[in-house]
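Next up is a structure, given as structure tokens.
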Amino acid sequence: MTLVDPHALNGKLPRPERTVEVLVIGAGPAGTAAAIAAARLGAQVLLVDENPVSAGLMGLDTPLYFGGRMTSAVQRQSRMIEQVFAANPDLETAMELGVEIALGTYAWGAFVNGPGVGTLPEPVVGLADEERAWLVGFKSLILATGARDIALSFPGWDQPGVMGANGLAALLDRYDAFAGRRIVILGSGDLALDTARRALARGLDVVAIIEALDTIQGAPDRAKDLQNQGVEILTGQVIHRALGGLDGVEKVEIGPVSGPTRTLDCDTVCQAIGLAPAIELLNILGGSLTMDPGRGGHVPVLVDTVKTSLVHVYVSGDSAGLAGCGEAGVARAAAQGEAAARAALGEAYDPVAPAPAVDAIAYQLAWTRALMSVGSDEIMVCQCEEVTRGDLLGVQPPRYLDRPERMAARDLNSLTADGPANQDQIKRLTRACMGACQARRCREQVALILTAATQAPAGSIPLAGFRAPVRPLPLKVLADWNEAAEMGAGWDVWFGIPEQWIPYRDIGTEREAMHIAILGGDMHL
Amino acid sequence: MTSSKGASVVIVGGGVTGLSAGWQLARAGCDVVVVDKGVVGYEASSRNGGGASHYHSPLFAEEQRLWPQMDELLGYPTEYRRERSSWRSPRPS
């Protein structure tokens, strides 16, 4: 006898609207090169990019840490589509080769059958724009989703004008909509030096580059070049405080950890301490990840430089492991994109040498430790959920709840006596990283603070998992997708218990019959 | 992880059911080890309305007795509310 669960979804999910041969997510250097290479090999290609993102998402620092420093130009998305298209001349090449390009389109999830998922008619990516969400099937998927900014907290960081290096690069070069003038840059690695170069090229003032360590971290010739242009690079110093008004940052106090400090006038603090490869979609797909500080942190396990642990899923560019800054980084990302396209289509390709390894986590930890030495426990780490440094180190419940006496006895060290800190567990206990920005401003720094506070080995805190949707989209967009009738038929009640909607207090009273009558007897939703 | 320390009871699964059983045993003086493949309370226990909390469940009466005590027993604010939201039900007049 075969028992079939009538509510099981197997075979009931509708097929996606369409299936493409090669689906590329991300139209940066890697994704654009992948799309062009795949089209040249004769493949049908859909290239998806979320830029221009809505002004609302930008305000949530999604997908990059924009820090509220965009001009009002970003409010006009139709105009911004032209701007984003023009900012990447290779998109025109791709279009001429027949690549279908979907700008302003978010990839909020990606799913293949595997352990725990057997219901999909084919591998799919979940897409959305401002109006609706839909699924697209794929034969091959190339993830070229880039990297996110890593944010660290310091007094006054939770105001407009504090932003990330990739957010600034996007506002300068992709959107042409940066609202700042005078920038202080945190960090002196190649990312920071490249950020300074980019800002100077746009005629902006780079007030200073601040380095917590005692030496400049980036390429000496590039640092020298900036210094020759009048940029001050201050080593052994950190930001003590950002001060400002309603429009955000107006000045910063900087100096050695132990003081004294001096004040610099600026309207923007750009955090260029690190980037995190954007691995959300691969994590949701179930692809293997590993912690590799030399490649930027949590990164895909790579096979032959562009293949993932999942058949038909490929990665390239920063999302495969940081490709490096400047022209060399762009060239490497493009070569990876082309290799990914060739691999996806079964063609021979030359493996691409990775960028020179830099221990990103050790550097981020050094900055974290320095910043934890200035400011108090009252500094907000998770801005969305208002979790302070003290709340995090004390593993305290969210502020809207009472804090029982017994909670004071608990802290990170009593918790980690049983084993290494797990960020997902800390999230459940404190709400850190649970907010609307989907932890874009605090995911990495919570891991770094947990590492520093528990003296755990660098990189040992497990990755806090991602869940779809990986963009904070309105429910009206996500909810509105076509559910097959066979699926709807399963929406009756749990375990076939028809009375579950009756409030406890009415059970066993005459009101119970009234509920049943109102709900129509079968309780079907 | 290896450990030479034994236990009278080993509980496999650190969700709400396994943890509750382990907590009750430990409170009664029994030495217990709870093992989980991942993080405690991470999977269905972090997102499930709770089949056991339904009044058709044989555990319903006990669950109703324990819930209001949870904050005090655990020393942690569980955000328990007696009235969960009701669905399309009339408000008492």
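Quick note on labels: first sequence line is chain A, next is B, and so on, each numbered from 1.
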I need the contact set between residues 440-451 of chain A and chain B: heavy-atom distance under 4.5 Å, sorted by residue number.
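Result: none.
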Are there more than 12 heavy atoms of other residues, nucleotides or ligands under 6.0 Å from atom CD of B:Gln24?
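Above 12, so yes.
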Partner residues of A:Ser288 under the side-chain hydrogen bond (donor to acceptor under 3.5 Å, both in side chains) criterion, sequence neighbours left out
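A:Ser288 satisfies side-chain hydrogen bond (donor to acceptor under 3.5 Å, both in side chains) with A:Ser309 once adjacent residues are dropped.
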Contact between B:Tyr42 and A:Arg428 at the side-chain level, heavy atoms closer than 4.5 Å - yes or no?
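Yes. Closest side-chain heavy atoms under 4.5 Å.
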Considering residues, nucleotides and ligands other than A:Gln383, do more than 12 of their heavy atoms fall under 6.0 Å from its CD?
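Yes, because the 6.0 Å sphere around CD of A:Gln383 holds more than 12 heavy atoms from other groups.
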Residues in side-chain hydrogen bond (donor to acceptor under 3.5 Å, both in side chains) contact with A:Asn113, at least two apart in sequence or another chain:
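Not a single residue meets the side-chain hydrogen bond (donor to acceptor under 3.5 Å, both in side chains) criterion with A:Asn113.
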List in chain and number order the residues that pass salt bridge (Lys or Arg N to Asp or Glu O under 4.0 Å) with A:Arg431, two or more places apart in sequence or in another chain; answer none if no residue qualifies.
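For A:Arg431, the residues satisfying salt bridge (Lys or Arg N to Asp or Glu O under 4.0 Å) (neighbours in sequence not counted) are A:Glu385.
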